[in-house]
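Below is one structure, written out as C-alpha cells, with a few remarks after it.
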Amino acid sequence: MTGTAVPSEVFASLARTRPTLAGTAALRAALHARRMLLVKSLLVRVEQQSRLLPAAVRRRFEEDWALLVRAEQTDPLAARDVLDYPLTGAWLVEALATPAGAAFDRHLAHLGGVALAAAVRAGREVGGTLPVPSGTLALPGLGVLRCPSGSVRLSAGAGLVHIRDAEGHSGVVLQSPVARPVVGAPRGIGSGPGWSALRTLPGSVVILDDLDPYRVPPLGIGPRALRAAERPDCPRRLWVRRWGEARELLAAVDPGRAAEPGTVLRAVVPLATAVPRGAAPVGATLRAAPGAALSQLPAQAWELAETLVHETHHTKLAVLDELVPLCRRGGPATHRVGWRHDPRPVPAVLQGAYAHLALTDLWWRVRNEPAAPAAWRSRADERFAGFREDVGQALSLLRESDELTTAGREFVHEMGRHHAGLGVPTHCGL
C-alpha cells in the first residue's frame with residue numbers, strides 16, 4: 001500500500017510504465033491539484049506584497065483574476081484546460097521564484113493572457129483594454145498576437161472575440177467558445193495581422209508550441225544551453241512528417257504508448273540548433289511544466305518515437321512524485337549511470353531509470369512483434385540489450401539507497417519485477 005490517494009494497483013501499473021486509463025486519470029488529477037496550489041500561491045503572494053506593487057499593476061492583476069474567475073464559473077473544464085496547460089505551469093513557477101520588482105511585475109502581466117485564453121475557451125464575453133507591456137500577448141494553447149502599442153482593445157459579439165492592438169497595428173478574431181482540439185482536425189485558431197496561431201500535430205491533440213514565452217527557461221536546456229526554436233526558424237513541415245512517422249512506428253508495436261502523446265503529453269516544444277552528426281537529439285521535461293516534451297528535431301522517426309516515450313515517462317514520474325514523494329531531497333550520494341557521463345543524485349537516477357525502463361519495454365515489444373516495421377527491427381536487439389543492462393545497474397543502485405521513501409522502495413521493487421520479466425519470452429500484449 002502506498003498510504004496515499006493513489007490505489008495500490010494504479011501505483012503498481014505506473015511503476016511498470018504500462019499505459020492505463022486509471023493511471024492517466026490519477027496523474028491528471030494530481031497535476032491539476034498541483035497547478036491550483038501554484039495559482040493560489042501566486043494570489044497569496046500578491047495579496048501579501050500588495051504594498052510593493054505599483055497601483056496599476058495591482059489593479060490589472062485584480063481585473064485579470066476576476067476574468068479568470070468568471071471564465072471558470074462559465075465553463076470549469078475550459079478554464080482548467082488553460083490552467084493545466086504545461087507552459088502555464090512554467091510561468092507560475094518562474095513568477096513565484098522572481099523577487100519583487102519590475103521582473104515580477106512583468107510576470108504578473110502574463111495572467112492577462114491566461115485569463116483571456118480561458119474566457120475565449122469558455123465563451124465568456126470580454127471587453128475593455130488589456131495592457132501588454134511586453135508587446136506580445138500570449139494566449140496559452142491558442143497563439144500569440146504582436147502588440148506594438150503595448151495594449152489591446154477587447155470586444156465580443158455574435159460568437160466572436162475581437163482583440164485589436166490599441167493603435168490598430170494588429171488584431172485577431174477568435175471564435176468563442178474555442179473547443180478543445182479534436183483528433184485529426186486542423187487547428188489554426190483565429191486570423192488577423194500580427195497573429196500567429198498554434199497548431200496541433202497531425203492525428204493528435206498535441207500542440208507544436210513554438211510561440212509560448214515560457215516554453216524554455218531563460219538559461220536554456222542542457223549543457224549547451226539550447227534555446228527554443230522561434231517560429232520563423234522552426235521546420236514545421238519536417239516536424240509534422242517526423243511526428244507522423246514516429247506515431248506509425250509506435251502504433252505498429254504498442255498502440256497504448258502511441259496514444260500517450262495526447263493523454264499524458266499535451267505539447268511538443270521544438271529546440272533550436274540542428275543535431276550534430278552522430279549525436280542523439282536533446283530532449284527534456286521541465287519539472288515545472290510536465291506534459292511538454294522539449295526536443296531537438298531527430299533525424300530519424302525511431303529517435304522521435306524514443307524521445308516521446310522517454311519524455312512521457314519523465315512527465316509521469318514528475319507528477320507522481322509531487323503526489324507521492326519517492327525520494328528524500330538533498331541527499332549527498334551521486335552515482336554513475338549508463339545513460340549519462342556525469343554522476344547523478346538519487347532522484348535523477350530514479351527519473352532516468354524509469355524513462356529507460358519504458359524504452360526497454362518498448363524495444364522488447366519490437367523484438368517480439370513479427371509485424372514490426374523494418375526500421376524498428378533492424379536495431380531492436382542492440383537497443384533492448386543496452387537499455388536493459390543500464391536499467392538493471394540503476395535499479396541495483398536504487399535498491400541499496402537509503403534516500404528512497406517507503407513508497408519509493410515499493411515503486412522501485414515493482415520496476416524491478418517488470419524489468420526482470422522483460423527478459424522472458426512472452427506474449428507482448430500482456
Side-chain angles (χ1 to χ4, degrees), residues 5-6 10 21-47 60-93 95-96 108 110-128 130 137-143 154 156-157 159-161 163 174-183 185 187 189-190 198 200 204-207 209 212 214 262-267 288-292 315 319-320 322-323:
V6 181
V10 173
L21 293 176
T24 299
L27 293 175
R28 283 179 170 176
L31 185 146
H32 183 64
R34 171 65 176 168
R35 193 59 49 82
M36 293 309 298
L37 179 61
L38 293 174
V39 170
K40 292 173 182 176
S41 296
L42 184 63
L43 176 62
V44 169
R45 179 177 172 185
V46 169
E47 290 176 343
R60 184 69 255 169
F61 179 85
E62 291 173 347
E63 292 174 0
D64 294 340
W65 183 268
L67 178 59
L68 181 61
V69 170
R70 292 195 297 273
E72 196 277 336
Q73 291 170 341
T74 301
D75 188 339
L77 290 179
R80 174 174 178 165
D81 221 36
V82 175
L83 291 175
D84 288 356
Y85 187 64
L87 304 181
T88 302
W91 159 64
L92 285 164
V93 170
L96 287 166
L108 283 186
H110 186 66
L111 178 62
V114 173
L116 183 55
V120 172
R121 290 285 306 275
R124 184 85 194 195
E125 288 198 4
V126 296
L130 176 65
L137 176 63
L139 305 181
L142 297 179
L154 309 175
L160 300 174
V161 172
I163 308 172
L174 302 172
Q175 289 187 338
S176 184
V178 172
R180 289 181 63 105
V182 176
V183 173
R187 183 179 171 84
I189 303 297
L198 289 169
T200 53
S204 76
V205 297
V206 177
I207 294 171
D209 199 327
D212 194 287
Y214 290 91
T263 58
V264 177
L265 289 186
R266 291 188 56 189
T315 279
V319 175
L320 180 64
E322 292 284 354
L323 184 64

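As the structure is a prediction and not an experimental result, all values here were calculated from the model.
Between Pro290 and Leu31 there is a side-chain heavy-atom pair separated by less than 4.5 Å. Between Leu42 and Trp65, the closest side-chain pair of non-hydrogen atoms is not below 4.5 Å. Looking at heavy atoms from C-beta onward, Val39 lies in side-chain contact with Leu83 at the 4.5 angstrom threshold. In this structure, Leu174 and Leu160 have side chains that are not in contact, with every pair of non-hydrogen atoms separated by 4.5 Å or more.
Counting all heavy atoms, side chain and backbone alike, Arg80 lies closest to Arg28 at NH2-O, 3.6 Å. The two atoms that bring Tyr85 and Arg35 nearest to each other are O-NH1, 2.9 Å, heavy atoms only. When all heavy atoms of Gly113 and Pro140 are compared, the closest pair comes out as O-CD, 3.7 Å. Nearest heavy-atom pair across Gly23 and Val10 is CA-CG1, 3.8 Å. Here the shortest heavy-atom pairing between Gly262 and Val206 reads N-CG2, 3.4 Å. Of all non-hydrogen atoms in Leu323 and Ala30, the two that sit nearest each other are CD2-CB, 3.8 Å.
By the side-chain contact (heavy atoms from CB on, under 4.5 Å) test, Ala78 pairs with Asp75, Arg121, Ala122, sequence neighbours left out. Scanning for side-chain hydrogen bond (donor to acceptor under 3.5 Å, both in side chains) contacts around Gln73 gives an empty result, with sequence neighbours left out. Residues satisfying the side-chain hydrogen bond (donor to acceptor under 3.5 Å, both in side chains) test with Asp64, not counting sequence neighbours, are Arg60.
Between Arg266 and Asp81 there is a salt bridge, since at least one side-chain N of the basic residue sits less than 4.0 Å from a carboxylate O of the acidic one.
Atom CG of Leu92 is separated from atom CZ of Arg34 by 9.5 Å, given to the nearest 0.5 angstrom. Rounding to the nearest 0.5 angstrom, the gap separating the CG atom in Leu139 from the CD1 atom in Ile163 is 5.0 Å. Atom CG of Leu38 and atom CE of Met36 lie 10.0 Å apart (nearest 0.5 Å). A distance of 8.5 Å separates CG of Leu111 from CG of Leu67, quoted to the nearest 0.5 Å. Atoms CG and CD, on Leu27 and Glu322 in that order, are 12.0 Å from each other to the nearest 0.5 Å.
Crowding of Glu125 atom CD: a count of heavy atoms from other residues, nucleotides or ligands under 6.0 Å not exceeding 12.
A donor and an acceptor atom, one from each side chain of Asp209 and Tyr214, are nowhere located under 3.5 Å apart.
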- prompt: Going through the distances and angles, do Leu130 and Leu137 end up as a side-chain contact (heavy atoms from CB on, under 4.5 Å)?
  reply: CA-CA 9 Å; Leu130 176 65; Leu137 176 63; 3.8 Å; yes

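In summary, of the residues considered (Leu198, Leu142, Asp212), a side-chain contact (heavy atoms from CB on, under 4.5 Å) with Ile207 occurs for Leu198 alone.
Using a distance-only test at 3.5 Å, with no hydrogens or angles considered, a donor-acceptor pair links the side chain of Arg45 to the main chain of Ala95. Between the side chain of Thr88 and the main chain of Val82, a donor-acceptor pair closer than 3.5 Å is present.
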